[in-house]
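Taking it in order: structure first as structure tokens, then the write-up.
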Amino acid sequence: MNRTGRALAMGCLLLLQPLLAQAGGNSLLIPAMGRCTLNTQPENLEEALAACVQAAKGGDAEAEYELGEFYYDVNNPKRDLNQALSYFEQASLQGHAMAQFKLGTMFYKGEGVPANNIQAYIVLKMAAVNGAEDALDTADEVAEQMPRDQLETATQVLGQIFRKYLMELQSTDARSPFSPLP
């Protein structure tokens with residue numbers, strides 16, 4: 001995608017941002033708000049890890065993301081791509097942009113899962129909508145490697161996801177998602 005096209009796409013996404021604030025309980029585009037810190041002294045790591053796991057069990061998307069990062073880290077002696085994948089998936093389902101970006105990258109590179117360009121493309125586009133800046137570039141990179149039929153399939157799935165999302169917005173308060181905000 002060229003610079004003008006990317007700027008136009010991002011501009012359109014920014015126009016949707018006020019609508020997203022009205023989304024309520026929609027799981028597609030919910031910002032992650034929690035905090036979990038694993039960049040601590042080695043002697044405090046087990047305690048910090050336990051606190052993050054507890055927060056993640058409570059549905060804290062940021063804690064889920066941080067745990068995913070912890071298990072994904074190549075310098076971590078406890079590296080576990082299955083754990084990383086699981087935590088990134090959990091955070092992604094709550095709309096955590098960076099978790100979606102990491103998950104899409106894992107699908108693209110086949111890290112911990114078989115490589116799957118369709119799934120990678122879909123998740124990376126979702127990450128871009130949720131604010132992960134590099135996700136559009138990576139999605140473009142994935143698209144360049146996809147046969148036309150795979151790209152069409154991925155685009156159709158994205159269309160279904162966004163149609164469902166818009167329907168949820170419309171049914172929330174019987175307004176059009178494109179109505180002026182109160």
With the threshold set at 4.0 Å, does a side-chain nitrogen-carboxylate oxygen contact exist between Glu141 and Lys109? no
Check whether any side-chain N or O of Gln100 sits under 3.5 Å from a backbone N or O of Val123 as a donor-acceptor pair, and report yes or no. no
Pair Gln94-Glu64, side-chain contact (heavy atoms from CB on, under 4.5 Å): steps then yes or no: CA-CA 10 Å; Gln94 295 187 68; Glu64 293 163 347; 2.8 Å; yes
Rounded to the nearest 0.5 Å, what separation is found between the CG atom of Leu49 and the OH atom of Tyr71? 4.5 Å
Can Arg79 be said to sit on top of Tyr72's aromatic six-ring, NZ or CZ under 6.0 Å from centre and within 45° of the ring axis? yes
What's the separation between atom CG in Asp80 and atom OH in Tyr87, rounded to the nearest 0.5 Å? 10.0 Å
Which heavy atom of Met146 sits nearest to which heavy atom of Tyr121, and what is that distance? SD-CB, 4.0 Å
Minimum heavy-atom distance Ala97-Asn130, with the two atoms named: CB-O, 3.4 Å
Is there side-chain contact between Phe162 and Val129, with heavy atoms separated by less than 4.5 Å? yes
For Gly68 and Ala84, work out which heavy atoms get closest and say how close. O-CB, 3.4 Å
What is the minimum heavy-atom distance between Phe70 and Asn76, and which atoms define it? O-ND2, 2.7 Å
If you measure from CD1 on Ile118 to OH on Tyr108, what distance do you get to the nearest 0.5 Å? 14.5 Å
Mind checking the NZ-OG1 spacing from Lys125 to Thr138? Nearest 0.5 Å is all I need. 11.0 Å
Do you know which two heavy atoms are closest between Cys52 and Ala63, and how far apart they sit? O-CB, 3.7 Å
Residue pair Met126 / Leu158, side-chain heavy-atom distance below 4.5 Å: yes
Can you tell me how the ring of His96 sits relative to the ring of Tyr65, calling it parallel under 30°, perpendicular over 60° and tilted otherwise? parallel
Side-chain contact, heavy-atom cut-off 4.5 Å: Leu81 with Leu85? no
Examine distances only and state if a side-chain atom of Thr153 and a backbone atom of Asp149 form a donor-acceptor pair shorter than 3.5 Å. yes
When rounded to the nearest 0.5 angstrom, what distance separates CD in Glu111 from CG in Leu103? 11.0 Å
Could you tell me which non-hydrogen atom of Ala154 sits nearest to which non-hydrogen atom of Ile122, and how far apart they are? O-CG1, 3.9 Å
Give, for atom CD of Glu133 and atom CE of Met98, the distance between the pair rounded to the nearest 0.5 Å. 9.0 Å
